[in-house]
A.B. asks: 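Here it is: the structure, laid out below.
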Amino acid sequence: MRTLTGIQPSGILHLGNYLGAMQPAIAAQDQAGDCYYFIADYHSMTSLTDPQKRRDYTLGVALDWLACGLDPAKSVLWRQSDVPEVCELAWMLGTLAPMGLLERAHSYKDKTARGIAANVGLFTYPVLMAADILLFDTTHVPVGRDQKQHVEMTRDMAIKFNLTYGETFVVPESVIRDESAVVPGLDGQKMSKSYGNTLELFGDEKATRKKIMGIPMDSRTPAEPKPDADQNIAIRLLKVVAEPAYAREMEEKLRAGGLGYGDLKKALFEQVWTHFAAARERRAALAADLGQVEAVLRDGAARARAVAEPVLQRARKACGLR
Ligand code: ADP
Ligand code: TRP
């Protein structure tokens, strides 16, 4: 069993990234098998063209992973572009990927529908993602639900390559947890860097409190019973960060009447803030020792490369390249 996932350094990480991808990835460290996690800096080029921002976000994502519990003794962490072999594999896979498959990608369709000018990189994004996964003989890919289709496309590409050139790649599967498949944003849509509705993992206290207290609610009085309590955004967020019994208790109080929205949001702030308290301390310590973080990434790149090389050679040989 080999678990692999990637996160783009295209912004500041939020609760959705943590619950959809990082938390299950970190939990996998204590199960049987290897863990391979990377910062998808090549992918970030499809949407971000500021080199300094890319460097800053890349470092931020590395700090976030390590602060949240990625243990370099148990997992490999690297920058995607430090193992450029992935681009060669992406080329090979692209030659087998039908245009129609890529044209059906939800994320591509959503972005173009929102008026984002499509570049070729954005269109072939799922091919590079397939290369990321297949280059490491990955079996399991923890992601949020929005990435499920991309993992299915990876499976399609692996199967097609195997049929065309002989058994070469492991066919992976996505790992999506029901309870955090789609973490809601502060406006009730999916939480996403591109929607400006995020709760950052390591935002400062004042800003985090302000964001939470600003979550829009309806005008019902505290005393009124709220039969739709399970739809309330603060309750939905509480369910992903708090102890289940506590979240249920708050939901019941809201449903019965007597709990005001202000108090509910204060409770949510406390839960979010304490959930990341230990990680926040670790992050501050790491940020004061960036040399150590760089060393982890370099060592990760060397270890990742050692796995990637023979897989790439296997693929080259299968398709008749020298
Ligand atoms: P964003 O949509 O904020 O740009 P990314 O596309 O970089 O996030 O996602 C990185 C990882 O985090 C992926 O595995 C993705 O599925 C997961 N993820 C992002 N947003 C959410 C969310 N709201 N709920 C669950 N998982 C999410
Ligand atoms: N496409 C993923 C996202 O935006 C990031 C990613 C790139 C990824 N390569 C991957 C995730 C490989 C899992 C496996 O969230």
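All ligand and atom numbering here is 1-based and tracks the order in the structure.
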A.B. asks: For the residue pair Met217 and Asn232, establish whether any side-chain heavy-atom pair is separated by less than 4.5 Å.
C.D. replies: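 Heavy-atom side-chain distance check passes, below 4.5 Å.
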A.B. asks: Who passes ring-ring contact (aromatic ring centres under 6.0 Å, His included) against Phe276, sequence neighbours left out?
C.D. replies: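 If we apply the ring-ring contact (aromatic ring centres under 6.0 Å, His included) test to Phe276, skipping adjacent residues, the hits are Tyr18.
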A.B. asks: How far is atom 27 (C) of ligand 1 from its nearest protein heavy atom, and which residue and atom name does that atom have?
C.D. replies: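 Minimum-distance protein heavy atom for atom 27 (C) of ligand 1 reads Gly16 O, 3.2 Å.
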A.B. asks: Hydrogens and angles aside, do Asp41 and Tyr57 bring a side-chain donor and acceptor to less than 3.5 Å of each other?
C.D. replies: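 Looking only at side-chain atoms, Tyr57 and Asp41 do not form any donor-acceptor pair under 3.5 Å.
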A.B. asks: Within a 6.0 Å radius of atom CG on Asp178, are there more than 12 heavy atoms belonging to other residues, nucleotides or ligands?
C.D. replies: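 For Asp178, atom CG is not crowded (no more than 12 foreign heavy atoms under 6.0 Å).
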A.B. asks: Tell me whether Val183 has any N or O atom under 3.5 angstrom from an N or O of ligand 1.
C.D. replies: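 In this structure, Val183 places an N or O atom under 3.5 Å from an N or O of ligand 1.
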A.B. asks: Treating Ile, Leu, Val, Met, Phe, Trp and Tyr as nodes and any side-chain heavy-atom pair under 4.5 angstrom as an edge, say whether Leu264 and Met213 lie in one connected cluster.
C.D. replies: no
A.B. asks: At the 4.0 Å heavy-atom cut-off, does Ala181 count as touching ligand 1?
C.D. replies: yes
A.B. asks: Do the side chains of Glu252 and Arg255 get close enough for a salt bridge, i.e. N-O under 4.0 angstrom?
C.D. replies: yes
A.B. asks: Non-hydrogen atoms of Met22 versus ligand 1: any pair closer than 4.0 Å?
C.D. replies: no
A.B. asks: Counting non-hydrogen protein atoms only, what is the nearest one to atom 2 (O) of ligand 1? Give residue, atom name and distance.
C.D. replies: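 Here the nearest protein heavy atom works out to Ser192 OG, 2.9 Å.
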A.B. asks: Who else is in Val171's hydrophobic cluster (ILVMFWY, side-chain heavy atoms under 4.5 Å, direct or via others)?
C.D. replies: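 Via sub-4.5 Å side-chain contacts, Val171 links to Ile159, Leu163.
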A.B. asks: Determine, for Asp110 against Lys190, whether the closest basic-nitrogen to carboxylate-oxygen distance falls under 4.0 angstrom.
C.D. replies: no
A.B. asks: Under a 4.0 Å N-O cut-off, is there an ion pair linking Glu85 with Arg305?
C.D. replies: yes
A.B. asks: Report, in ascending order of atom number, the atoms of ligand 1 lying under 4.0 Å from any heavy atom of Met191.
C.D. replies: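 Here the atoms of ligand 1 in question are 20 (N), 21 (C), 22 (C), 23 (N).
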A.B. asks: Under the side chain to side chain contact (heavy atoms under 4.5 Å, CB included) criterion, do Glu173 and Val151 qualify, and how do the steps go?
C.D. replies: CA-CA 7 Å; Glu173 57 187 81; Val151 180; 5.9 Å; no
A.B. asks: Hey, can you tell me if Phe161 and Tyr165 have their rings parallel, tilted or perpendicular (30° and 60° cut-offs)?
C.D. replies: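 Phe161 and Tyr165: tilted rings.
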A.B. asks: Quick one: nearest non-hydrogen protein atom to atom 13 (C) of ligand 1, plus distance?
C.D. replies: Gln147 CG, 3.9 Å
A.B. asks: Would you mind running through ligand 1 and noting each atom that sits below 4.0 Å from a heavy atom of Gly144?
C.D. replies: 14 (O), 15 (C), 16 (O), 17 (C), 26 (N)
A.B. asks: Work out whether the distance between some heavy atom of Leu19 and some atom of ligand 1 is less than 4.0 Å.
C.D. replies: no
A.B. asks: Given Lys193, Gln8, Lys190, identify the one with the heavy atom nearest to atom 5 (P) of ligand 1.
C.D. replies: Lys193
A.B. asks: So, using ring-ring contact (aromatic ring centres under 6.0 Å, His included) as the criterion, who are the partners of Tyr37 when residues are at least two apart?
C.D. replies: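 Tyr37: ring-ring contact (aromatic ring centres under 6.0 Å, His included) contacts with Trp65.
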A.B. asks: On a heavy-atom basis, I'd like to know which of Leu13, Val151, Val143, Asp146 is closest to atom 16 (O) of ligand 1.
C.D. replies: Asp146
A.B. asks: So for ligand 1, is Ser194 a polar contact partner (N or O within less than 3.5 Å, distance only)?
C.D. replies: no
A.B. asks: For ligand 2, what are the residues with a heavy-atom contact below 4.0 Å?
C.D. replies: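 Contacting ligand 2 under 4.0 Å are Leu4, Thr5, Gly6, Gln8, Phe38, Ala40, His43, Tyr125, Met129, Asp132, Ile133, Val141, Val143, Gln147.
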A.B. asks: Nearest to atom 8 (O) of ligand 1 by heavy atom, Asn17, Val182, Leu15, Ile7: which?
C.D. replies: Asn17
